[in-house]
Novice: 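Submitted below is the structure of interest, expressed as structure tokens.
Note that ligands are numbered from 1 as they come in the structure, with each ligand's atoms numbered from 1 the same way. All values reported here derive from a predicted model rather than from experimental measurement.
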Amino acid sequence: MSFKPLFALAALAVAVIAAPQPRALCPNGKTTTHAACCVWFDVLDDIQENLFDGAECGEETHESLRLTFHDAIGFSQELFNEGKFGGGGADGSIMAFSDIETNFHANDGVDDIVEAQRPFALAHGVSFGDFIQFAGAVGVSNCAGGPRLQFLAGRSNHSQASPDLLVPEPSDSPSTIFARMADAGFTIEETVDLLISHTVAAQDRVDPTIPGTPFDSTPSQFDAQFLVETLLTGTLFPGNGSNVGEVQSPLHGEFRLQSDFAISRDSRAACEWQSLIVNHNTMVTKFESVMARLATVGHNPNALTDCSDIIPVPKAANFGAPTLPAGKTLKDIDASCRASPFPTLKTDPGPATSIAAVPPS
Ligand code: HEM
Ligand SMILES: *[C@@H]1O[C@H](CO)[C@@H](O)[C@H](O)[C@H]1NC(C)=O
Ligand SMILES: *[C@@H]1O[C@H](CO)[C@@H](O)[C@H](O)[C@H]1NC(C)=O
């Protein structure tokens, strides 16, 4: 008896078991795992066209990813332990109580995306908490090489305003940030994994004179350039300099947050940070895992409905291994993980260049 057909049969059996079984036929003719997920097909088409300007990885995408964090991190076990209200986590309160929460100092600038998103959530009758996590997941799927984040639906639309001072500030020390993140359920390693998000990021408010200044040279790619470039020795300010929460960056047109600088070099975080540079798949998988946790802060994930199959498969990575920007060498890297050497990276050819701002849309 030949082994070949047996093997083929086994492979078929595995494929049948592994493939999620579509159970619901939606009015639009598409199928998904649960009828409650159908509405998200309509939300998807609408926001890709009308919020993300045709499925771009641009300003609204970046802001939507940031908003997932600013809503979800409004949760404090310590406050609950003291008998106070500690926030509802990823509950949409930043949108329902935007008049309160967007006035918190650490939420400076998020009012734009809250108001841009709100009409979509209202038009489709979905909860604010669900919408914010969905928009972040769809948005980051537009970034080349990006993650395909889990999306669970069913968060209540009822929430209370989050207490202030739960969102980390770029001027906070690593110890302060790690303590705050631990209070919301995240380890130091997980906090580093969450900061991978800053590879598709720019700032508008830390130095308001230079809006759209990105944190790395490739703000529309979900690559490891942010992790590499943040470890380069800082030499200049992209604007007029030295704002609260800002430190020197290595490249003209690039912005560096003090918190990213300090965490990447902190002995408790540096090895996790460096470990994410070498393998794109590992970096993406770690981000997917930690974002599944972030999106359900304050919720029991088992009580929500898995609508992940609505999230688009991200654009393939159209880039190679991370590089050192032109003009830089490994000597410019502040290698900070004592346990293992910094990986060998190639330097981009040509003279040192300036990084372009993320255009407003
Ligand atoms: C843990 C400490 C963190 C601090 C101190 C921090 C701080 C900041 C600051 C100051 C900005 C610039 C905002 C502006 O001026 O417009 C920013 C941007 C951003 N942050 Fe964070 N962040 C942290 C964690 C996170 C996490 C966990 C996520 C998402 C999972 C995230 C996603 C983003 C994104 C995508 C942007 C870019 C927004 C845009 O381009 O408009 N950040 N962050
Ligand atoms: C969610 O709550 C807001 C008020 O905070 C309300 O305007 C909106 O209609 C509610 N959405 C749903 C789907 O109930
Ligand atoms: C720097 O400051 C000068 C004088 O205050 C101002 O005119 C200029 O617009 C600023 N430029 C930037 C890039 O911040």
Side-chain angles (χ1 to χ4, degrees), residues 39 57-73 90-99 105-113 116 118-119 121-131 133 136-137 139-140 143 147 149 155-161 166-174 176-181 184 186 188 190-208 210-216 219-220 222 226 243-246 255-263 269 287-288 290-291 293-295 297 357-358 360-361:
V39 62
C57 177
E59 192 186 20
E60 283 79 13
T61 303
H62 301 170
E63 290 181 345
S64 293
L65 184 59
R66 182 181 180 216
L67 190 61
T68 65
F69 177 55
H70 287 236
D71 190 33
I73 205 63
D91 61 356
S93 65
I94 202 165
M95 191 175 283
F97 299 96
S98 53
D99 53 335
H105 184 264
N107 285 338
D108 191 17
V110 304
D111 52 330
D112 286 355
I113 193 65
R118 184 194 306 276
L122 293 176
H124 294 278
V126 295
S127 74
F128 289 167
D130 279 354
F131 185 87
Q133 297 306 321
V140 73
C143 305
L149 299 184
R155 293 167 191 77
S156 166
N157 194 48
H158 292 281
S159 61
Q160 292 179 58
L166 299 184
V167 182
E169 294 271 11
S171 53
D172 288 342
S173 69
T176 299
I177 292 174
F178 296 154
R180 175 72 275 280
M181 296 301 289
F186 296 93
I188 291 175
E190 288 171 327
T191 301
V192 171
D193 297 348
L194 281 168
L195 285 171
I196 297 167
S197 58
H198 282 179
T199 189
V200 286
Q203 74 82 41
D204 293 329
R205 303 294 179 116
V206 183
D207 184 345
I210 47 168
T213 312
F215 295 171
D216 74 356
S220 65
F222 201 89
F226 163 75
N243 298 282
V244 175
E246 179 186 16
F255 199 90
R256 183 178 284 173
L257 295 177
Q258 181 188 312
S259 49
D260 289 338
F261 165 83
I263 289 173
F287 189 66
E288 288 169 343
V290 77
M291 285 300 289
R293 301 257 340 276
L294 185 72
V297 171
V358 176
S361 42

Novice: Considering the heavy atoms of F128, write down every atom of ligand 2 situated less than 4.0 Å from one of them.
Specialist: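 Numbered from 1, ligand 2 contributes 3 (C), 5 (O).
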Novice: Of the protein's non-hydrogen atoms, which lies at the shortest distance from atom 41 (O) of ligand 1, and what is that distance?
Specialist: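 For atom 41 (O) of ligand 1, the nearest protein heavy atom is E63 CG, 3.2 Å.
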Novice: What's the separation between atom CG in D91 and atom CD in Q160, rounded to the nearest 0.5 Å?
Specialist: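 Reported value, rounded in 0.5 Å steps: 9.0 Å.
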Novice: Using a 4.5 Å cut-off on heavy atoms from C-beta on, say whether the side chain of L122 contacts that of F128.
Specialist: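 Contact flag for F128/L122 side chains = yes.
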Novice: Going by the atom numbers of ligand 1, which of them fall below 4.0 Å from some non-hydrogen atom of V206?
Specialist: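 With V206 as reference, the close atoms of ligand 1 come out as 10 (C), 15 (O).
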Novice: Do any nitrogen or oxygen atoms of N157 lie less than 3.5 angstrom from nitrogen or oxygen atoms of ligand 2?
Specialist: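 So ligand 2 has an N or O lying under 3.5 Å from an N or O of N157.
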Novice: In this structure, does ligand 1 have an atom that sits under 4.0 Å from one of the heavy atoms of G245?
Specialist: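 The answer is no: ligand 1 sits nowhere under 4.0 Å from a heavy atom of G245.
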Novice: Do the side chain of R118 and the main chain of M95 share a donor and acceptor less than 3.5 angstrom apart?
Specialist: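 Here the side-chain-to-backbone pair exists.
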Novice: Any N or O on R205 sitting closer than 3.5 Å to an N or O of ligand 1?
Specialist: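 Yes - when backbone and side-chain N and O of R205 are compared with those of ligand 1, one distance drops under 3.5 Å.
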Novice: Given I177, V244, L67, D204, which one has a non-hydrogen atom that is nearest to atom 14 (C) of ligand 1?
Specialist: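 Going through I177, V244, L67, D204 one by one, D204 has the nearest heavy atom to atom 14 (C) of ligand 1.
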Novice: Just jot down the ligand 2 atoms closer than 4.0 angstrom to any heavy atom of A96, in number order.
Specialist: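 Every atom of ligand 2 under 4.0 Å from some heavy atom of A96: 5 (O).
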Novice: Any heavy atom of M291 closer to ligand 1 than 4.0 angstrom?
Specialist: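 It does, in that a heavy atom of M291 comes within the 4.0 Å cut-off of ligand 1.
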Novice: If you take the nearest heavy atom of each of L257, L65, V192, which one is closest to atom 9 (C) of ligand 1?
Specialist: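 Result: the heavy atom closest to atom 9 (C) of ligand 1 is in L257.
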Novice: Which residue holds the protein heavy atom closest to atom 2 (C) of ligand 1, what is that atom called, and what is the gap in Å?
Specialist: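 Minimum-distance protein heavy atom for atom 2 (C) of ligand 1 reads P168 CB, 3.7 Å.
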Novice: Pick whichever of L122, D130, V126 has a heavy atom sitting closest to atom 7 (O) of ligand 2.
Specialist: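 Looking at heavy atoms only, L122 sits closest to atom 7 (O) of ligand 2.
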Novice: Any idea which of P211, P174, P219, A202 brings a heavy atom closest to atom 38 (C) of ligand 1?
Specialist: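 Among P211, P174, P219, A202, the closest heavy atom to atom 38 (C) of ligand 1 comes from A202.
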Novice: Would you say the side-chain atoms of E60 pair up with the backbone N or O of G139, donor to acceptor, closer than 3.5 Å?
Specialist: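 Pair absent, no side-chain N/O of E60 close to backbone of G139.
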Novice: For ligand 1, is there an N or O atom under 3.5 Å from any N or O atom of E59?
Specialist: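 No; the residue has no nitrogen or oxygen that sits under 3.5 Å from a nitrogen or oxygen of the ligand.
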Novice: For atom 22 (N) of ligand 1, find the nearest protein heavy atom and state the residue, atom name and distance (0.1 Å precision).
Specialist: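 For this ligand atom, the closest protein heavy atom is H198 NE2, 3.0 Å.
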